[in-house]
Amino acid sequence: MTKLPTDPAENLAALIRCPSVTPDDAGALGTLERMIAPLGFVSERPVFAEDGTADIENLYARRGGDGPHLMLAGHTDVVPPGDAAAWSHDPFGAAIDAGAMYGRGAVDMKGGIACFVAALARLVERGEAPAGAVSLLITGDEEGPAINGTAKLLRWATERGEAWDACLLGEPTNPDAMGDMIKIGRRGSLTGTITVSGTQGHVAYPHRADNPLRGALALGAALVAPPLDDGSAEFQPSNLEITTIDTGNRATNVIPATVTLTFNIRFNDRWTEQTLKAEIEGRLARAAEDSALRPGKDGPVQYRLDWMAPVSPVFLTRNAALTEALAQSVAAVTGRTPALSTSGGTSDARYIKDYCPVVEFGLVGRTMHMIDEHVALDDLETLTVIYADFITRWFAGQGAE
Ligand SMILES: [Zn+2]
C-alpha cells in the first residue's frame, strides 16, 4: 500500500523545494496533486488568463460525494525571497535547523496546505475520513494581482455545479503562538488619489502662480481629522493613512504645477463602500471651499478625486457551527482560547465569503514575507492535529443538525 502523506514536515519540504514565486508555479501544484491522489482526491488544474497579467495555474480537488461539503482553501504561490544571500539557509531548500524548517512559504502558506493534507491523510489512515465532501481550492495567484486566482476558481467550480457549506482558509493567523487567533472577518480597503492643478511659477512671485500644495495640504488635513469612527463591536476603528504626496518638483525656487495625494482607508462594518466614499467626498468638498492656492485669492480649490479599483469589502462571518467548531478544536489541542479577530490585511476570504461562510486559522505568522521565514516543526504537528480535529468536529456538527 502507498504511504499516505501523514507527515506535515515531509509535505512542506516537497512544496518549499518548488520555487513558486508568483506567477510561477514551478511544479508546486503538481507536487500537491500527486501528494493527495492516494487520499482519493480527484484534481483539476484550470489555468486562468487575462490581458496584461500572467497565466496562472490553479488546483481544485474533491473527495467524497453527497453530504456536507467543506472547502479547505489556500495558495501555493509565495513572495520573492529578497536577498537570498541574507538567508541563513537556502530559501527553497527546506533545511531543518534547531527544530524549525526554513524556506519561503513555510508559514505563508505552504505550511498550512501541508497540514491540511497531513490531517486528511491521518483521518483516511485511521478509517475516519469524513462522510461528505472535502475539497481543496488552491491558487497560485494570492500574493500577486489575485486576478487569475481564487475569485475565478470559485466561479469556475460553481459553474460546474460545486457548492460548499463552509470554508477554512489556512493563512497564518496567530501573531505569536499556536492558539492565539482565529480570523472571522476582515476590514475593507479603499484607495483614492486626489490631483490638484495650479499654475507653475517663481516662489518669489506667488501672486503670479497658484500653488497646488496649498490645496493638497488643506484637503489632506480634512481626510485625516476627525477620525472616521471609534470602532464597532467586532472591529477596530477605521483608519485613513496618506501614503504619498508627489509633485515631482526638485527645485526649491519653483512653485509646482500639479500635486497628487494618495490615501488608503482600512474600514470597519460601520461603513459600506458607498457611505465611506460619500463621507470622503463631503470632507473634500468642504475643505476645498475653505481654501485657496494663492494668498489673498478666494476658493474653492479645484481638484479631481479618483477611486482605485477594486475595493475590498468589509465582512464578518456569523456562522456559529463553523466558528465554534474551530475554536473548540483549537482549545482542545492547545489548551488556549483563541481570540476571534477581524484585524490585519485582506485575504482571499474576501472572495470566498460570497459563496459560503469562511474562517481563517493557520500557523504563527511572525516571519511571513521576511528573510529566514521558518516554522517550528512542533507547530506543524499542532496545526495538523487541530485541522484533523476540526474536520471531524465540523462534519459531526453537520450530521447532528
Ligand atoms: Zn498568504
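Note that ligands are numbered from 1 as they come in the structure, with each ligand's atoms numbered from 1 the same way.
When the N, O or S atoms of Asp108 are ranked by distance to the Zn ion (ligand 1), OD1 comes first. Among the heteroatoms counted here (N, O or S) of Glu171, OE1 is the one nearest to the Zn ion (ligand 1).
One finds no salt bridge joining Lys152 and Asp141 here, because no Lys/Arg side-chain nitrogen approaches an Asp/Glu carboxylate oxygen to under 4.0 Å.
Between the Zn ion (ligand 1) and Glu143 there is no N/O/S contact shorter than 2.8 Å. Contact annotation: Glu142 places no N, O or S atom under 2.8 Å from the Zn ion (ligand 1).
Residue pairs satisfying the ring-ring contact (aromatic ring centres under 6.0 Å, His included) criterion with at least one member in residues 291-310, sequence neighbours excluded, are listed as follows: Phe263-Trp307.
Residues satisfying the side chain to side chain contact (heavy atoms under 4.5 Å, CB included) criterion with Ala28, sequence neighbours excluded, are Cys18, Ser20, Asp25, Thr76.
The closest donor-acceptor contact from the side chain of Asp180 to the backbone of Asp176 lies under 3.5 Å.
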